[in-house]
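Model, not experiment: these values are computed from the prediction. Along the sequence shown, residues are numbered consecutively beginning with 1. Note that ligands are numbered from 1 as they come in the structure, with each ligand's atoms numbered from 1 the same way.
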Amino acid sequence: MSFMSSNERIVKSICWWCKPKCFVNVHVTEDGRLVKVEEPPVKGCPRWRMAKEWFYHPMRLRHPLKRVGERGEDKWKEISWSKALDEVAAKIKEIKEEYGPESIAVSHGTCRSYEEFRYRFLNLLGSPNQIGQSHICHGNSATIALAVLGWFPWWYPGDTLKFSKCIMLVGRNPPPSHQTIWAAIREAKKNGAKLIVIDPRRSESASAADLWLQIRPSTDAAVLLSIINVIIEEELYDKEFITKWCYGFDKLAERVKEYTPEKISEIAWVSSEKIVEAARMFATNKPACVLEGMGVAHQHNAHAAIHARYILTAITGNIDVRGGDELLGPNLKLITEHEMEMPNVLLKEQRLKQIGSDRFKLESWPGYEIIQSAVERVWGKRGDLQAYTSLAQAPLLFRAIITGKPYPVKALITLSSNPMITMPNVKLVYKALKNLELYVVVDYFKTPSSLLADYVFPAASWLERATLYNFRTNSPDIKAAPAALPSVKQDEYDRRTDYEFWRELAVRLGQEEYWPWKTIEEVYDYRLKPMGFSSFKEFLEKTGGLYVAPREYKKYEKIGFGTPTGKVELYSTVMEKLGYDPLPSYEESPESLYSNPELAKEYPYILITGGRFLPYFHSEHRQIKRLRKIYPWPRVEVNPDTAKKIGIAEGDWIWIETLQGRIMQKCRLFDGIHSQVIHAQHGWWYPELPGEEPYLHGVWISNVNVLTNDDPDKCDKVLGSWPLRGFLCKIYKVRDDEWNPEKHPLPPPEEFRKLFNLD
Ligand SMILES: Nc1nc2c(c(=O)[nH]1)N[C@H]1C(S)=C(S)[C@@H](COP(=O)(O)OP(=O)(O)OC[C@H]3O[C@@H](n4cnc5c(=O)[nH]c(N)nc54)[C@H](O)[C@@H]3O)O[C@H]1N2
Ligand SMILES: Nc1nc2c(c(=O)[nH]1)N[C@H]1C(S)=C(S)[C@@H](COP(=O)(O)OP(=O)(O)OC[C@H]3O[C@@H](n4cnc5c(=O)[nH]c(N)nc54)[C@H](O)[C@@H]3O)O[C@H]1N2
Ligand code: SF4
Ligand SMILES: [Mo]
């Protein structure tokens with residue numbers, strides 16, 4: 001902390017507006033007002049300039065709110081924190097007594113809050129029911145990695161990626177999604193690295209690639225298994241590593257025999273030459289790594305594609321080497337985020353009740369117990385958070401809220417999550433949220449989800465709270481920063497950290513002895529003590545907020561792998577034990593041109609959703625005028641030949657329709673997409689439209705999750721993750737006599753309902 005002028009100081013803070021979590025300098029006046037956020041060291045960040053507008057925005061929540069009208073009427077009264085928490089705690093107690101603790105659930109979004117306290121709260125309460133985005137956002141990758149490698153190779157941009165000689169991006173596009181990773185890839189490329197991109201679109205990454213495989217969506221498992229087939233056929237694998245450290249190579253070799261490039265070429269719409277070229281390029285340039293992203297994680301068959309991706313780096317000898325899949329291991333002295341979750345306090349009988357864990361067993365309690373005990377045996381501590389490796393399945397939980405089966409779920413707390421936009425099948429989510437006895441939201445802003453809540457709590461943002469981040473326990477490193485601004489400002493706002501929210505609720509529910517620390521800084525004092533720091537403050541002073549542990553490679557030569565066999569499990573004994581196929585295989589999507597030709601007659605295009613774009617982050621920042629000026633409306637990418645055939649042009653509003661419903665976005669002609677593939681953006685709502693029903697700040701108009709199908713039968717059968725990409729749709733023009741978001745006035749309620757098929 002250094003002083004700039006007499007009434008301004010600079011605090012080195014950690015920005016959580018998106019994934020790189022950059023250190024940024026925040027300028028603050030002495031009386032606690034934000035002056036500005038300085039430009040971060042990351043090129044191309046579009047958000048830092050919006051800091052002041054964001055922080056002082058009129059839709060930013062200032063005080064806790066209690067609903068006074070019906071759900072969805074957008075009528076509220078301000079209430080104090082203590083009164084609101086007393087009332088919420090009393091209601092939770094009542095629900096717990098009547099229906100059991102499992103009837104109380106929590107939902108999370110992408111990891112940008114204190115992830116560790118949700119399960120601490122739930123485990124102590126006795127509920128196994130946390131749902132969230134980690135099921136589809138790297139949590140599925142982390143779970144498979146822990147199962148087959150015994151640790152999750154955290155894609156750590158700066159210090160490993162730049163040493164790679166071959167980088168394969170599978171369904172991942174870092175230029176808009178993760179700028180620091182892209183900077184490292186560019187550095188590696190400058191040093192001669194090859195870049196292979198597997199993506200149905202000519203993304204920014206594909207444009208820069210040495211080799212681009214433009215595949216049919218959701219065929220990644222087939223393509224990766226075919227690449228493995230070539231590597232084995234041509235004996236390009238690392239024989240020594242496989243003999244010493246891999247389990248099940250012979251069975252794998254047998255399995256991939258049928259995945260010949262010729263056969264897969266037909267399935268995946270990519271030439272066999274390119275499959276062979278990718279295999280050779282990957283296996284002969286070392287070290288090599290794979291970064292898989294949401295193009296893979298959001299498929300119906302995600303587990304197989306992700307498993308194949310880890311097999312690929314393993315058989316080429318790229319595990320725990322610099323520039324490959326580096327296994328960092330835990331910080332053995334710090335009290336980790338995972339330890340803070342207290343998974344062991346939940347009784348066995350409660351674990352068994354986790355919704356979906358009898359059906360989707362890998363990323364829920366049954367898998368967690370087998371996977372993490374092997375990890376702990378070898379590394380001395382467990383890996384990635386329980387909130388990423390043991391979850392209730394969201395689509396089944398929402399159904400339980402509606403039907404009461406397998407048992408009633410009556411209360412939901414969503415903290416740092418906006419399910420009305422980011423969960424699949426939002427019409428069902430809407431029905432579920434309305435059916436709750438208690439719905440609590442903790443957020444920075446008013447959102448469509450918060451409109452359905454009984455209580456809305458204003459969260460202190462990253463600018464108003466201290467951070468100590470241990471990479472979800474996947475790394476020994478630590479990133480930390482103090483709060484830059486006060487979270488409470490008399491007569492202006494009264495926000496609390498997410499930690500204080502959980503603690504205050506927990507204390508009211510009799511968990512006081514487990515939450516002895518009043519503030520998040522006190523928690524950090526406690527967690528850092530075993531590392532020899534007397535306090536969080538001392539840690540910041542001595543390290544400047546960044547602790548990087550010394551690196552050591554090929555640690556398996558000393559300790560083995562954290563799997564049941566102690567080896568890399570090409571053939572997964574964990575999956576076998578849980579009753580699944582231990583090897584990956586390709587399965588056609590249940591809703592595709594080939595599996596459902598009848599449906600394809602009416603819905604002839606393949607829809608992919610949610611490819612990242614700047615300047616937005618998921619559903620956030622649509623309130624920020626500075627950003628809306630740059631990017632006012634949602635875009636759907638359509639091949640020019642397709643557009644011509646249908647009679648639509650650049651900039652037209654078009655309807656996108658699936659079996660679930662229809663929405664409208666603006667057409668962007670793009671010749672980098674196949675003529676049968678459509679790519680629609682996600683995260684769109686219109687904060688400027690009214691909050692009351694049926695408008696709900698425009699949640700039904702352009703929100704792509706109106707279209708996604710969360711039918712549990714269509715979810716990944718091992719992980720329970722839901723498909724957000726690769727299903728059938730049709731598109732057609734919004735007629736000139738129909739309304740669109742650029743037209744005024746807004747249609748009256750009944751007309752609006754009709755237009756968007758709202759019952
Ligand atoms: N169709 C489709 N759907 C998708 C995706 C897709 O590609 N296609 N992507 C999926 C993926 S990978 C993800 S991760 C999810 C993201 O899903 P979410 O995490 O739900 O989305 P966000 O809009 O980032 O954030 C939700 C809310 O959290 C609030 N918030 C942010 N930080 C904090 C905090 O620290 N504390 C509190 N209390 N609130 C906070 C924000 O104001 C915002 O309202 O979306 C998923 N949904
Ligand atoms: N600007 C911005 N940055 C973000 C976010 C954001 O919302 N906005 N969200 C953050 C979060 S939570 C996440 S998870 C990351 C995700 O970041 P990434 O993992 O990079 O994911 P996406 O950009 O969603 O998708 C990557 C690519 O997958 C392709 N794709 C679609 N279907 C398929 C398929 O079937 N196979 C293959 N191989 N590719 C396919 C898309 O064309 C797209 O180019 O981004 C993070 N960064
Ligand atoms: S918005 Fe993202 S890229 Fe920009 S400073 Fe924050 S974390 Fe870094
Ligand atoms: Mo994500």
Side-chain angles (χ1 to χ4, degrees), residues 16-20 46-47 60-61 107-114 132-139 169-179 181-182 197-206 213-220 223-224 268 291-299 305 414-424 426 441-450 457-462 465 495 497-498 501 589 606-622 637 672-673 677 679-683 703-708 722-726:
W16 290 66
W17 277 328
C18 78
K19 290 287 166 168
R47 300 189 189 89
R60 183 91 202 272
L61 297 164
S107 90
H108 67 249
T110 188
C111 167
R112 274 166 315 130
S113 175
Y114 309 120
Q133 301 294 354
S134 60
H135 230 129
I136 46 106
C137 172
H138 295 297
L169 297 174
V170 192
R172 185 160 192 161
N173 186 28
S177 70
H178 208 307
Q179 290 79 28
I181 289 186
W182 188 240
V197 173
I198 304 183
D199 197 308
R201 286 190 316 135
R202 194 179 64 238
S203 62
E204 292 88 336
S205 309
L213 277 67
Q214 184 178 23
I215 61 166
R216 176 166 69 93
S218 296
T219 60
D220 293 77
V223 174
L224 291 167
L291 297 185
E292 78 284 16
M294 295 307 111
V296 167
H298 293 173
Q299 292 180 21
T414 72
L415 183 145
S416 187
S417 113
N418 194 359
M420 279 296 289
I421 296 183
T422 53
M423 279 288 178
V426 288
V441 168
V442 188
D443 205 300
Y444 297 157
F445 279 90
K446 208 177 153 208
T447 65
S449 304
S450 73
F457 289 87
S461 68
W462 61 268
R465 68 184 185 212
R495 301 179 188 124
T497 66
D498 291 332
F501 170 82
S589 156
I606 308 168
L607 181 64
I608 55 177
T609 74
R612 309 306 186 231
F613 62 102
L614 294 171
Y616 299 113
F617 193 87
H618 295 295
S619 69
E620 288 177 59
H621 309 145
R622 301 304 189 287
E637 288 172 343
I673 195 163
V677 180
H679 174 223
Q681 289 180 343
H682 109 106
N703 173 4
V704 84
N705 279 318
V706 169
L707 308 179
T708 48
W722 40 94
L724 296 167
R725 306 180 188 202

Seminar exercise, completed: So the atoms of ligand 1 within less than 4.0 Å of a heavy atom of Val704 turn out to be 1 (N)
For this session: Give a yes/no on ligand 2: does Pro176 have at least one heavy atom closer than 4.0 angstrom to it?
Result: yes
Problem set entry | Check: His178 N/O within less than 3.5 Å of ligand 2 N/O | no
For this session: May I ask you to check whether Lys19 has an N/O atom sitting below 3.5 Å from an N/O atom of ligand 2?
Result: no
Exercise. Which of the listed options, Ile421, Asn703, Val442, Val441, holds the heavy atom that is closest to atom 38 (N) of ligand 1?
Worked result: Val442
For this session: Using distance alone, determine whether Ser218 and ligand 2 share an N or O pair under 3.5 Å.
Result: yes
Problem set entry | For Arg465, the ligand 1 atoms whose distance to one of its heavy atoms is below 4.0 Å | 34 (C), 35 (O), 36 (N)
Problem set entry | Region of Thr609 that comes within reach of ligand 1 [heavy atoms, distance under 4.0 Å] | both
Problem set entry | Proximity to ligand 2 by part of Arg47, non-hydrogen separation under 4.0 Å | side chain
Exercise. For ligand 1, which part of Ala459 has a heavy atom less than 4.0 Å away: the side chain, the backbone, both, or neither?
Worked result: side chain
For this session: Could you tell me whether Arg622 sits above the aromatic face of Tyr616, with NZ or CZ closer than 6.0 angstrom to the six-membered ring centre and within 45 degrees of the axis?
Result: yes
For this session: Have a look at ligand 2 and work out which part of Asn173, if any, has a heavy atom under 4.0 Å from it: side chain, backbone, both or neither.
Result: both
Exercise. Mind checking whether Gly610 has an N or O less than 3.5 Å away from an N or O of ligand 2?
Worked result: yes
Exercise. At a 4.0 Å threshold, what atoms of ligand 1 neighbour a non-hydrogen atom of Ser619?
Worked result: 22 (P), 23 (O)
For this session: Return a yes/no value for Val296: is any of its N or O atoms, backbone included, closer than 3.5 angstrom to an N or O of ligand 2?
Result: no
Seminar exercise, completed: Near Met294 (heavy-atom distance under 4.0 Å), the atoms of ligand 2 are 14 (S), 16 (C), 19 (O), 21 (O), 24 (O)
Problem set entry | Closest to atom 43 (C) of ligand 1 (judged by heavy-atom distance), picking from Thr447, Asp443, Leu707 | Asp443
Problem set entry | Short N or O distance, Phe613 and ligand 2, threshold 3.5 Å exclusive | yes
Seminar exercise, completed: If you scan protein heavy atoms around atom 19 (O) of ligand 1, the nearest is Thr110 N, 2.8 Å
Exercise. Judged by non-hydrogen atoms, does Met423 sit under 4.0 Å from ligand 1?
Worked result: no
Exercise. Polar-atom distance check: Gly293 versus ligand 2, any N or O pair below 3.5 Å?
Worked result: no
Problem set entry | Nearest-option assignment for atom 13 (C) of ligand 2, heavy atoms, candidates Arg612, Glu637, Gln214, Glu620 | Arg612
Exercise. Does Arg725 come within less than 4.0 angstrom of ligand 1, counting non-hydrogen atoms of the residue?
Worked result: yes
Exercise. Taking side chain as C-beta onward, heavy atoms only, is Val223 less than 4.5 Å from Leu213?
Worked result: yes
Exercise. Does the distance from a Lys or Arg side-chain N to an Asp or Glu carboxylate O, for Arg202 and Glu637, drop under 4.0 Å?
Worked result: no
Problem set entry | Numbered atoms and elements of ligand 1 in range of Cys137, under 4.0 angstrom, heavy atoms | 12 (S), 14 (S)
Exercise. Does any N/O atom on Arg201 come nearer than 3.5 Å to any N/O atom on ligand 2?
Worked result: yes
Problem set entry | His135 and Trp722 aromatic ring geometry - parallel, tilted or perpendicular at 30°/60° bounds | tilted
Seminar exercise, completed: Restricting to heavy atoms, the pick from Leu415, Asp498, Thr414 nearest atom 36 (N) of ligand 1 would be Asp498
For this session: Under 4.0 Å from a heavy atom of Ile136: give me the atoms of ligand 1 that qualify, with their elements.
Result: 10 (C), 11 (C), 12 (S), 46 (C)
Exercise. Less than 4.0 Å between a side-chain N and a carboxylate O, is that true for Arg465 and Asp498?
Worked result: yes
For this session: May I ask you to check if ligand 1 and Arg112 share an N or O to N or O distance below 3.5 Å?
Result: yes
Exercise. Less than 3.5 Å between some nitrogen or oxygen of Ile608 and one of ligand 2, yes or no?
Worked result: no
Exercise. For atom 46 (C) of ligand 2, which candidate among Ser177, Ser589, Ala305, Pro46 holds the nearest heavy atom?
Worked result: Ser177
Exercise. So, is Arg216 polar-close to ligand 2, with some N/O to N/O distance under 3.5 Å?
Worked result: no
For this session: Say whether Met420 and ligand 1 are in contact under the criterion: heavy-atom distance to a ligand atom below 4.0 Å.
Result: no
